[in-house]
Asks: 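Below is one structure. I have some questions about it.
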Amino acid sequence: MAFFRSVTALSRLRSRVGQQSNLSNSVRWLQMQSSADLDLHSQLKEMIPEQQERLKKVKSELGKAQLGNITVDMVMFYVNSCLVEVIGGMRGMTGLLWETSLLDPDEGIRFRGLSIPECQKLLPAAKPDGEPLPEGLLWLLLTGKAFCILFADYVYKAIDALPVTAHPMTQFASGVMALQVQSEFQEAYEKGIHKSKYWEPTYEDSLNLIARVPVVAAYVYQRIYKDGKIIPKDDSLDYGGNFSHMLGFDDPKMLELMRLYVTIHSDHEGGNVSAHTGHLVASALSDPYLSFAAALNGLAGPLHGLANQEVLLWIKSVVDECGENVTTEQLKDYVWKTLNSGKVVPGFGHGVLRKTDPRYTCQREFALKHLPDDPLFQLVSKLFEVVPPILTKLGKVKNPWPNVDAHSGVLLNHFGLAEARYYTVLFGVSRSLGICSQLIWDRALGLPLERPKSVTLDWIEKNCKKAA
């Protein structure tokens, strides 16, 4: 097994050698725009006391302020500790502190206050007018500043004992769990580290995890779909570009796509299944590996991250039945056929958004720039015109517009990554940036164990007045 880890900055190079004798380190430098100490650890160490005091002030001055009303139709229904029926799935309930991003129903996601178009303009890129580097977004999520930090990629092989037929997400999550034996937080906790220092080993674990997951993910892909051979990292490439390379795709346009993909899928505030799961498990002081593995298991669900594979499969089913040159009327008929069979049209709608997902929009712009004549892209464009009016006509859908999943599969398929069952693994690699960034701040701010109160259906009937 081999690990590679490096954190780069203008003023200081910090290379930590692990316990194994076969641990290797590979370093790339990035010229920063400031003469100040831009080491990420130092930046956070300087910021954390200020944010801790800010949180204390908010709790002291605003602790009793109401954030909204909770109604019966928002809660979830459990019997004998098992969820048996969803009333409202806790939608619309404000119950989490999540610093790294905020989702607006109309504007979409903002990373530390910046929209996706703003990130595309402000964050560093691998080439002029290129897509933003995921490393730049990681720095932004952690510090709120648009600087950049680069990692070399890592090679880790930990899943050979699993059947090759296991779902890619099963193998990926198992690989992340195998990495947990290197947790610095667990070791520090067992040695009695003071709670004010919890964030420091959490920081180490989180950056190690972010750096290693592309290699685990690439190995899963090679093992299932190729010959199982590990493609060595390329020290000249960045995080997203190297991930594409280790998957076996070296087209410069594919490298750009992977940079964009990892960036826009990295975070989507704290209420979605994977982010909330990671936060919930971590609130019990589980280390980042355990917490992120739990998040991946939530991401693997058909109603969350698995949806991106369902979109491409559905689009290909349209082509199989109607052909690539499907007319608008044929497409309308197929959409209605899907809906009338009790299924949903994958890639449309969102639990919070009420307009077209800006992550869909930036992928569409990428396609218009790099693959305007791709038949599946043209089909996706037709769906954008056909599906929303039909869903609006149904009258049951609050958001008929396309989401991020409606487009990503078609882009990946164009460059040869056509194995739809693997797509959620790509999503998982991306989501490590957001979940781990927030987890560091959870520890730094001393956020408590998450333990909401639950009630029974009898309690609701006895204690809640009927709505007028």
Side-chain angles (χ1 to χ4, degrees), residues 4-10 13 26-34 38-40 43 100-101 109-154 206-207 209-215 217-218 233-247 249-268 358-359 362-363 365-366 369-370 404 408 411-412 415 426-437:
F4 304 88
R5 175 152 192 252
S6 62
V7 177
T8 61
L10 179 63
L13 168 66
S26 178
V27 177
R28 290 193 66 225
W29 285 92
L30 177 70
Q31 186 71 29
M32 297 290 188
Q33 297 181 0
S34 171
L38 295 180
D39 172 77
L40 182 56
Q43 286 268 313
T100 53
S101 65
I109 195 66
R110 283 185 174 269
F111 302 118
R112 291 285 189 173
L114 297 179
S115 67
I116 287 178
E118 288 170 335
C119 286
Q120 289 177 301
K121 292 179 181 179
L122 295 175
L123 295 182
K127 62 180 184 179
D129 298 321
E131 299 299 340
L133 295 174
E135 298 92 325
L137 184 70
L138 174 61
W139 188 285
L140 176 66
L141 293 177
L142 282 170
T143 69
K145 302 175 183 178
F147 292 125
C148 183
I149 181 170
L150 288 184
F151 299 94
D153 278 350
Y154 308 79
S206 294
L207 294 191
L209 175 61
I210 291 169
R212 291 169 182 166
V213 290
V215 178
K233 63 185 179 61
D234 182 342
D235 286 337
S236 69
L237 293 173
D238 53 278
Y239 188 89
N242 228 331
F243 184 26
S244 178
H245 166 71
M246 290 189 295
L247 288 170
F249 300 95
D250 291 310
D251 185 326
K253 293 180 181 178
M254 179 60 169
L255 269 61
E256 278 288 273
L257 174 60
M258 194 60 70
R259 292 168 184 134
L260 176 65
Y261 185 100
V262 174
T263 297
I264 67 175
H265 285 81
S266 63
D267 204 28
H268 217 226
R359 299 172 298 173
C362 70
Q363 290 182 99
E365 291 170 350
F366 183 95
K369 181 178 180 181
H370 295 295
V404 65
S408 56
L411 298 179
L412 295 165
F415 293 107
L426 302 177
F427 199 161
V429 171
S430 309
R431 195 48 61 93
S432 69
L433 275 68
I435 291 175
C436 290
S437 295

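The figures here come from the full heavy-atom set of this structure, side chains too, leaving out hydrogens, waters and symmetry mates. The shown structure was predicted, so the numbers you read here are calculated from the model rather than taken from an experiment.
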Asks: How many angstroms lie between atom CG of Leu114 and atom CG of Leu141, to the nearest 0.5 angstrom?
Replies: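 Atom-to-atom, Leu114:CG and Leu141:CG are 10.0 Å apart.
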
Asks: Ignoring hydrogens and geometry, is there a side-chain-to-backbone donor-acceptor pair from Ser266 to Thr263 under 3.5 Å?
Replies: yes

Asks: Within the structure provided, determine whether Leu426 and Val429 are in side-chain contact (heavy-atom separation under 4.5 Å).
Replies: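 They are not in contact (no side-chain heavy atoms under 4.5 Å apart), so the answer is no.
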
Asks: Once side-chain contact (heavy atoms from CB on, under 4.5 Å) is applied, do any residues pair with Ser206, and if so which ones, sequence neighbours excluded?
Replies: Thr202, Pro288, Cys436, Ile440

Asks: Are any of the side-chain heavy atoms of Met258 and Phe249 separated by less than 4.5 Å?
Replies: no

Asks: Are any side-chain N or O atoms of Glu131 and backbone N or O atoms of Leu257, one a donor and one an acceptor, separated by less than 3.5 Å?
Replies: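 No; zero donor-acceptor contacts below 3.5 Å.
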
Asks: So, taking the atom named CG in Leu142 and the one named CZ in Arg112, what distance separates them when rounded to the nearest 0.5 Å?
Replies: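 It is 7.5 Å, given to the nearest 0.5 Å.
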
Asks: Please check this pair: side chain of Ser432 against backbone of Ile210, looking for a donor-acceptor N/O pair closer than 3.5 Å.
Replies: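 Side chain of Ser432 to backbone of Ile210: no pair is present.
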
Asks: Taking the side chain as everything from C-beta on, heavy atoms only, tell me whether Leu260 gets closer than 4.5 Å to Leu411.
Replies: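 Result no, sub-4.5 Å side-chain heavy-atom pair not found.
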
Asks: Return the minimal non-hydrogen interatomic distance between Arg359 and Ile264, and the atom names on each side.
Replies: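 For Arg359 and Ile264, the tightest heavy-atom pair comes out as CD-O, 3.3 Å.
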
Asks: Would you give the length of the straight line joining atom CD of Gln363 to atom NE2 of His265, rounded to the nearest 0.5 angstrom?
Replies: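 The distance works out to 5.5 Å.
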
Asks: Rounded to the nearest 0.5 Å, how far apart are OG of Ser430 and OH of Tyr261?
Replies: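 If I round to the nearest 0.5 Å, the distance is 5.5 Å.
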
Asks: According to ring pair (Phe, Tyr, Trp, His ring centres under 6.0 Å), who are the partners of Phe111, at least two apart in sequence or on a separate chain?
Replies: none

Asks: I'd like to check the side chain to side chain donor-acceptor pair (under 3.5 Å) partners of Glu118; sequence neighbours left out, ordered by chain and number.
Replies: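 With neighbours one apart ignored, the set is Arg110, Ser115.
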
Asks: Please check this pair: side chain of Ser244 against backbone of Gly240, looking for a donor-acceptor N/O pair closer than 3.5 Å.
Replies: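 No; zero donor-acceptor contacts below 3.5 Å.
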
Asks: With distance as the sole test, does Asn242 use its side chain to make a donor-acceptor pair with the main-chain N or O of Asp234 at under 3.5 Å?
Replies: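 Yes.
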
Asks: Any non-hydrogen side-chain atom of Leu207 less than 4.5 Å from a side-chain atom of Leu138?
Replies: yes

Asks: Please report the interatomic distance CG(Leu237) to CE(Met246), rounded to the nearest 0.5 Å.
Replies: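 Leu237 CG to Met246 CE: 9.5 Å, rounded to 0.5 Å.
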
Asks: Quick one: salt bridge (Lys or Arg N to Asp or Glu O under 4.0 Å) partners of Arg259, sequence neighbours excluded?
Replies: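 Salt bridge (Lys or Arg N to Asp or Glu O under 4.0 Å) list for Arg259, sorted by chain: Asp238, Glu256.
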
Asks: Any side-chain heavy-atom pair from Tyr239 and Leu133 closer than 4.5 angstrom?
Replies: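 They are not in side-chain contact.
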
Asks: Got a sec, which residues hit side chain to side chain donor-acceptor pair (under 3.5 Å) with Thr100, two or more places apart in sequence or on another chain?
Replies: Trp98, Asp267

Asks: Suppose we screen for side chain to side chain donor-acceptor pair (under 3.5 Å). Which residues come up paired with His370, at least two apart in sequence or across chains?
Replies: none

Asks: At their closest point, which heavy atom of Leu433 faces which heavy atom of Pro134, and how far apart are they?
Replies: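 It is CD2-O, 3.3 Å.
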
Asks: Specify the closest pair of heavy atoms between Pro358 and Ile116, including all atoms of both residues, with the distance to one decimal.
Replies: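 For Pro358 versus Ile116, the nearest heavy atoms are C-CD1, 4.1 Å.
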
